[in-house]
A.B. asks: 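Structure incoming, see below.
Starting from 1, each residue takes its place in the sequence as its number. All values derive from a computational prediction rather than experimental measurement. The figures here come from the full heavy-atom set of this structure, side chains too, leaving out hydrogens, waters and symmetry mates.
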Amino acid sequence: MKLVVDANIPAADACFGGFGEVIKRPGREISAEHLRDADALITRSVTPVNASLLAESAVRFVGTCTIGIDHVDTHYLAEHDIAFASAPGCNAEAVVDYVLASLLTLAERQGWRLLDRCVGIVGVGNVGSRLQARLQTLGLDVLACDPPRAEREGESGFTSLETLIERCDVLCLHTPLVSTGPHATQHLLDAERINELAPGTVVLNAGRGDCIDGLALRSRLAGQNDLTAVLDVWENEPAIDAALHDLATLATPHIAGYSLDGKLRGSLMIHQALAAHVNETSELSLNAICPSPALASMTLQQALPSEDALRLCARAVYDVRRDHERLTREAYALGVAKGFDACRVNYPLRREFSTLSVRLKGDAHTLAPVLSAAGFRVE
């Protein structure tokens with residue numbers, strides 16, 4: 001078997017080498033020519049998988065090591081009997097870490113307490129549900145909007161987007177991109193809704209870039225400068241709107257889920273799907289491909305204010321400010337599109353909150369509930 005694999009997929013040899021010859025290519029450079037005699041294609045989100053890529057190929061299996069699948073023409077795959085697998089939930093914990101790290105950074109910069117905020121979550125799937133659970137365990141007031149789930153499960157526990165806009169201090173978007181139909185999410189936050197946001201609202205998008213009307217958001221930020229934008233996903237990636245980038249308080253290059261742990265889960269899930277496709281048994285485990293973290297534990301000798309303790313532990317594992325600064329630097333040096341991709345391709349090793357064990361001594365034991373709620377292991 002010949003497999004063409006995105007060169008940015010970690011543990012590719014361990015996960016796919018046992019099936020045959022692995023050919024690694026940068027995701028944006030994978031072409032129809034590379035796939036003519038390939039049996040399988042393993043991608044991430046930057047490779048558009050459609051008829052123009054696959055029509056002349058021998059590919060019978062496509063796997064994307066990502067949650068999102070809007071870069072894949074699943075109808076084409078089904079019509080041509082090409083097996084398909086994705087990795088739902090693989091990096092959800094990393095995205096929640098990103099949201100918490102971002103909000104803790106904003107709270108410090110702007111002088112408010114995260115634990116006093118009301119947060120609205122739009123899209124309560126793999127990521128949104130985990131974010132809701134962590135925030136509620138931390139004690140925050142959380143409202144959830146997910147019309148497809150409300151339609152299936154009943155209205156209890158869900159509210160409208162209009163209510164979130166009216167009541168919430170923070171609006172977090174975690175929806176897939178749906179272009180048409182009753183629950184379309186393209187430009188879900190359009191000009192009208194963006195103009196309805198109260199001054200001081202934080203808008204955080206770690207779902208899909210097209211779910212926000214970028215021009216409308218840029219106009220509000222440039223004209224009134226009374227919102228805070230945290231943007232990890234963008235319209236027209238990698239050629240993102242440079243002016244919107246400059247106006248965002250935190251701007252990162254679609255890396256919210258880019259933890260090593262999340263990537264390896266994605267690789268393993270597609271490995272398992274491919275094994276099932278070829279009727280093989282897989283015994284590979286996450287432990288077998290996941291290294292120990294560089295920082296496995298830290299000790300707090302005395303109590304700190306709860307949000308100071310959260311920031312300290314969060315930044316020991318992941319500091320979102322570095323990703324913001326790296327994108328700004330690379331965009332200036334290489335241009336926005338090349339800088340955006342350079343940040344993703346050369347992304348530094350990052351682990352998840354759950355890989356850090358926090359030892360508490362003396363009165364620091366009072367911090368156990370809040371640190372545990374945020375996702376750290378507490379001793």
Side-chain angles (χ1 to χ4, degrees), residues 8 10 44 66-67 89-109 114-115 119 126-128 130-131 133-135 137-138 140 170 172 174 202 204-207 228-233 248-266 286 290-300 304 306-330 340 342-359 367 370-378:
N8 201 33
R44 288 190 62 82
T66 59
I67 292 176
C90 66
N91 63 355
E93 296 293 342
V95 178
V96 177
D97 289 352
Y98 172 93
V99 173
L100 288 175
S102 297
L103 295 181
L104 286 164
T105 293
L106 294 180
E108 180 181 48
R109 285 184 180 180
L114 172 59
L115 301 182
V119 177
N126 280 308
V127 173
R130 287 172 170 83
L131 177 61
R134 276 208 234 176
L135 293 179
T137 306
L138 281 166
L140 277 74
V170 179
C172 295
H174 299 289
V202 175
L204 187 154
N205 191 8
T228 297
V230 178
L231 301 176
D232 181 59
V233 291
T249 303
L250 290 174
T252 54
H254 202 153
I255 48 70
Y258 257 38
S259 70
L260 176 62
D261 311 78
K263 288 182 177 181
L264 289 174
R265 286 190 206 100
L286 187 62
C290 196
S292 298
L295 179 64
S297 66
M298 60 186 292
T299 301
L300 296 183
L304 298 168
S306 57
E307 292 199 19
D308 288 345
L310 286 171
R311 268 186 289 270
L312 177 65
C313 294
R315 288 173 180 167
V317 179
Y318 171 59
D319 190 342
V320 68
R321 298 173 300 179
R322 294 179 182 176
D323 285 333
H324 169 83
E325 290 159 5
R326 186 178 295 111
L327 177 57
T328 300
R329 182 175 64 249
E330 294 298 329
F340 190 94
C343 289
R344 289 166 58 84
V345 171
N346 301 309
Y347 194 70
L349 184 67
R350 169 183 156 200
R351 303 307 295 269
E352 295 177 359
F353 288 2
S354 62
T355 64
L356 178 65
S357 178
V358 185
R359 297 170 180 166
L367 295 168
V370 71
L371 292 175
S372 178
F376 302 102
R377 290 181 290 118
V378 176

A.B. asks: Taking His254 for its side chain and Val233 for its backbone only, find out whether a donor-acceptor pair lies under 3.5 Å.
C.D. replies: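 Side chain of His254 to backbone of Val233, a donor-acceptor pair under 3.5 Å: no, none is there.
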A.B. asks: Return the CG to SG distance between Leu327 and Cys343, rounded to the nearest 0.5 Å.
C.D. replies: 5.0 Å
A.B. asks: Arg315: what forms a side-chain contact (heavy atoms from CB on, under 4.5 Å) with it, not counting sequence neighbours?
C.D. replies: Thr105, Glu108, Arg311, Asp319, Arg321
A.B. asks: Between Cys313 and Leu356, what is the shortest heavy-atom contact and its length?
C.D. replies: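 Closest approach of Cys313 to Leu356, heavy atoms only: O-CD2, 3.8 Å.
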A.B. asks: Hey, does Lys263 have a side-chain heavy atom less than 4.5 Å from the side chain of Asn91?
C.D. replies: no
A.B. asks: Check whether any side-chain heavy atom of Val95 lies under 4.5 Å from a side-chain heavy atom of Ile67, and answer yes or no.
C.D. replies: no
A.B. asks: At their closest point, which heavy atom of Ala206 faces which heavy atom of Ala256, and how far apart are they?
C.D. replies: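 Distance-wise, the nearest heavy atoms are CB-CB, 4.1 Å.
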A.B. asks: Which residues pass the side-chain contact (heavy atoms from CB on, under 4.5 Å) test with Ala342, not counting sequence neighbours?
C.D. replies: Glu330, Leu334, Asn346
A.B. asks: Indicate the atoms forming the closest heavy-atom contact of Leu138 with Ala373, along with that distance.
C.D. replies: CD2-CB, 3.7 Å
A.B. asks: Taking atom CG of Leu104 and atom CG of Leu310, what is their separation to the nearest 0.5 Å?
C.D. replies: 5.5 Å
A.B. asks: To check you understand the geometry: which heavy-atom pair defines the closest contact between Glu307 and Ala107, and what is its length?
C.D. replies: OE1-CB, 4.1 Å
A.B. asks: State, to 0.1 Å, how close Val345 and Asn8 come at their nearest heavy-atom pair, and which atoms those are.
C.D. replies: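 Residues Val345 and Asn8, closest heavy atoms: O-OD1, 3.8 Å.
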A.B. asks: What distance separates Cys290 SG from Asp261 CG, expressed to the nearest 0.5 Å?
C.D. replies: 4.5 Å
A.B. asks: State the CZ-CG distance between Phe353 and Leu371, to the nearest 0.5 angstrom.
C.D. replies: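 The CZ atom of Phe353 sits 10.5 Å away from the CG atom of Leu371.
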A.B. asks: Given Val99 and Cys172, is the side-chain contact (heavy atoms from CB on, under 4.5 Å) satisfied, shown in steps?
C.D. replies: CA-CA 8 Å; Val99 173; Cys172 295; 4.1 Å; yes
A.B. asks: Is there side-chain contact between Leu295 and Ser297, with heavy atoms separated by less than 4.5 Å?
C.D. replies: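 No - every pair of side-chain heavy atoms lies 4.5 Å or more apart.
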A.B. asks: What residues, two or more places apart in sequence or in another chain, satisfy side-chain contact (heavy atoms from CB on, under 4.5 Å) together with Ser354?
C.D. replies: Glu352
A.B. asks: How many angstroms lie between atom CG of Leu367 and atom CG of Leu300, to the nearest 0.5 angstrom?
C.D. replies: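 Leu367 CG to Leu300 CG: 6.5 Å, rounded to 0.5 Å.
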A.B. asks: For Asp323 and Tyr347, does a side-chain donor sit closer than 3.5 Å to a side-chain acceptor?
C.D. replies: yes
A.B. asks: So, for Ala248 and His324, which heavy atoms are closest and what is the spacing to 0.1 Å?
C.D. replies: O-CE1, 4.2 Å
A.B. asks: Kindly say whether Val358 contributes a backbone atom to a donor-acceptor pair with the side chain of Arg377 at under 3.5 angstrom?
C.D. replies: no
A.B. asks: Under the 3.5 angstrom rule, does the side chain of Thr252 hit a backbone N or O of Ile255 as a donor-acceptor pair?
C.D. replies: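 Answer holds: no.
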A.B. asks: Backbone N or O of Thr299 within a donor-acceptor pair of the Arg359 side chain at under 3.5 Å?
C.D. replies: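 No: the side chain of Arg359 does not pair with the backbone of Thr299.
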A.B. asks: Are the side chains of Leu106 and Val230 in touch, meaning some heavy atoms are under 4.5 Å apart?
C.D. replies: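 In contact.
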A.B. asks: State which residue, out of Arg130, Arg351, Arg350, Arg134, fulfils the salt bridge (Lys or Arg N to Asp or Glu O under 4.0 Å) condition with Asp97.
C.D. replies: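 Of the listed options, the one satisfying the test is Arg134.
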A.B. asks: Any chance you could measure Leu204, atom CG, to Thr249, atom OG1, to the nearest 0.5 Å?
C.D. replies: 10.5 Å
A.B. asks: Taking the side chain as everything from C-beta on, heavy atoms only, tell me whether Pro291 gets closer than 4.5 Å to Leu260.
C.D. replies: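 Yes, their side chains come closer than 4.5 Å.
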A.B. asks: Before giving the answer on side-chain contact (heavy atoms from CB on, under 4.5 Å), spell out for Leu140 and Leu114 the whole-Å C-alpha distance, their side-chain angles and the decisive distance to 0.1 Å.
C.D. replies: CA-CA 8 Å; Leu140 277 74; Leu114 172 59; 3.8 Å; yes
A.B. asks: Got a donor-acceptor contact below 3.5 angstrom from the Asn126 side chain to the Ala92 backbone?
C.D. replies: no
A.B. asks: What verdict does the side-chain contact (heavy atoms from CB on, under 4.5 Å) test give for Tyr318 and Val320, after you've listed the backbone C-alpha separation in whole Å, the side-chain angles of each residue and the deciding distance to 0.1 Å?
C.D. replies: CA-CA 6 Å; Tyr318 171 59; Val320 68; 3.5 Å; yes
